[in-house]
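Working notes for the structure below.
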Amino acid sequence: MAALKYAGLDDTDSDDELPPGWEERSTKDGWVYYANHFEEKTQWEHPKTGKRKRIAGDLPYGWEQETDENGQIYFVDHLNKRTTYLDPRIAFTVEDQPTKINPRQKYDGNTTAMDILQGCDLSGKVAIVTGANTGIGKSKHMNVFGCEPPSGLVQW
């Protein structure tokens, strides 16, 4: 919590408060991840809420992002004349909303196999896609992959 105070951010009592030994960090492209210092592991999901987050918006007024000689990003607070490796925007993250397939989505001859299979759990499975230039077909075996038949296609 000292890092938050040093970055000019107050500690909060929110539901997103991390358990002891955990730290919230961000990647160069703004995705938030969590470091568990006890187990020396990282993960994308918040350890309590299970949510994924990303940083949104610009740096606060008077702040600048720089890179040190080791390639690590740090932040310069010109107003208070200090630096920190903690992104000051991390207090203002937004929840990542996974893209959901619209059940009324229409598929045609221009639809790719990835459009159809998006969101399907294919772990340990092999998917064979056929159709050549006649558009995406369907298989009565697709339900084995945990996929719901998209509307607009014949039900299997």
Side-chain angles (χ1 to χ4, degrees), residues 1-107 111-127 129 141-153 155-156:
M1 298 306 161
L4 285 174
K5 288 184 181 180
Y6 184 79
L9 305 170
D10 292 327
D11 188 16
T12 67
D13 238 0
S14 76
D15 293 338
D16 287 339
E17 189 171 328
L18 293 169
W22 285 84
E23 180 185 357
E24 191 173 53
R25 298 179 180 174
S26 62
T27 63
K28 291 179 182 180
D29 56 352
W31 291 102
V32 175
Y33 67 99
Y34 302 91
N36 180 338
H37 293 288
F38 295 135
E39 296 181 15
E40 296 181 351
K41 294 181 179 179
T42 60
Q43 64 188 46
W44 294 110
E45 297 82 16
H46 189 283
K48 282 186 174 179
T49 66
K51 297 177 183 175
R52 289 183 179 216
K53 297 194 287 186
R54 60 182 169 81
I55 293 175
D58 297 328
L59 287 168
Y61 176 77
W63 285 80
E64 181 180 12
Q65 180 175 311
E66 296 288 338
T67 305
D68 69 13
E69 63 277 355
N70 297 322
Q72 294 282 63
I73 292 176
Y74 68 97
F75 300 90
V76 180
D77 177 358
H78 292 287
L79 299 178
N80 296 304
K81 297 180 176 45
R82 60 185 177 187
T83 61
T84 179
Y85 285 93
L86 182 67
D87 189 329
R89 300 170 296 179
I90 208 147
F92 307 102
T93 57
V94 295
E95 187 178 332
D96 180 36
Q97 299 292 332
T99 305
K100 295 186 179 182
I101 298 174
N102 180 351
R104 298 186 185 272
Q105 176 72 44
K106 301 295 182 201
Y107 297 94
T111 304
T112 66
M114 293 308 294
D115 292 334
I116 300 289
L117 296 173
Q118 181 183 9
C120 297
D121 182 12
L122 299 176
S123 304
K125 298 178 176 78
V126 176
V129 179
H141 303 291
M142 285 290 287
N143 58 358
V144 172
F145 300 130
C147 296
E148 293 296 321
S151 66
L153 289 180
Q155 301 293 313
W156 51 74

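Atoms considered below: every heavy atom in the structure, side chains included; atoms not considered: hydrogens, waters and symmetry mates. We count residues from 1, following the sequence as given.
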Fill in the blank from the handout: In this structure, CD1 of Ile90 is separated from CD of Glu23 (nearest 0.5 Å) by 8.5 Å

Handout entry: Criterion side-chain contact (heavy atoms from CB on, under 4.5 Å) on Val94 and Arg54, from CA distance to verdict
Key = CA-CA 6 Å; Val94 295; Arg54 60 182 169 81; 3.7 Å; yes

Problem - Atom pair OH/CD of Tyr74 and Glu64 - distance to nearest 0.5 Å - result: 8.0 Å

Exercise for the section: Give a yes or no on whether Glu40 atom CD has more than 12 heavy-atom contacts from other residues, nucleotides or ligands under 6.0 Å away. Expected result: no

Handout entry: Expected output: side-chain Asn70 to main-chain Gln72 donor-acceptor under 3.5 Å
Key = no

Exercise for the section: Answer yes or no: is there a donor N or O on one side and an acceptor on the other, between the side chain of Asn80 and the main chain of Arg82, under 3.5 Å? Expected result: no

Problem - From CH2 (Trp63) to OG1 (Thr83), nearest 0.5 Å - result: 9.0 Å

Handout entry: Glu45: side-chain hydrogen bond (donor to acceptor under 3.5 Å, both in side chains) partners, not counting sequence neighbours
Key = Arg52

Problem - Heavy-atom pair of closest approach, residues Lys28 and Ile73 - result: CG-CD1, 3.3 Å

Fill in the blank from the handout: Scanning both residues in full, the closest heavy-atom pair of Phe75 with Leu86 reads CD1-O, 3.6 Å

Fill in the blank from the handout: CZ (Arg89) and CG (Asp58) are apart, to the nearest 0.5 Å, by 7.5 Å

Exercise for the section: Mind listing the closest non-hydrogen atom pair of Trp44 and Val32 along with its distance? Expected result: CE3-O, 3.4 Å

Handout entry: Side-chain heavy atoms of Asn36 within contact of Gln43, under 4.5 Å
Key = no

Exercise for the section: Answer yes or no: is there a side-chain heavy-atom contact under 4.5 Å between Lys53 and Tyr34? Expected result: yes

Exercise for the section: Mind checking the OG1-CZ spacing from Thr42 to Arg25? Nearest 0.5 Å is all I need. Expected result: 8.0 Å

Problem - Gap between atom CD of Glu17 and atom NE2 of His46 - 0.5 Å precision - result: 8.5 Å

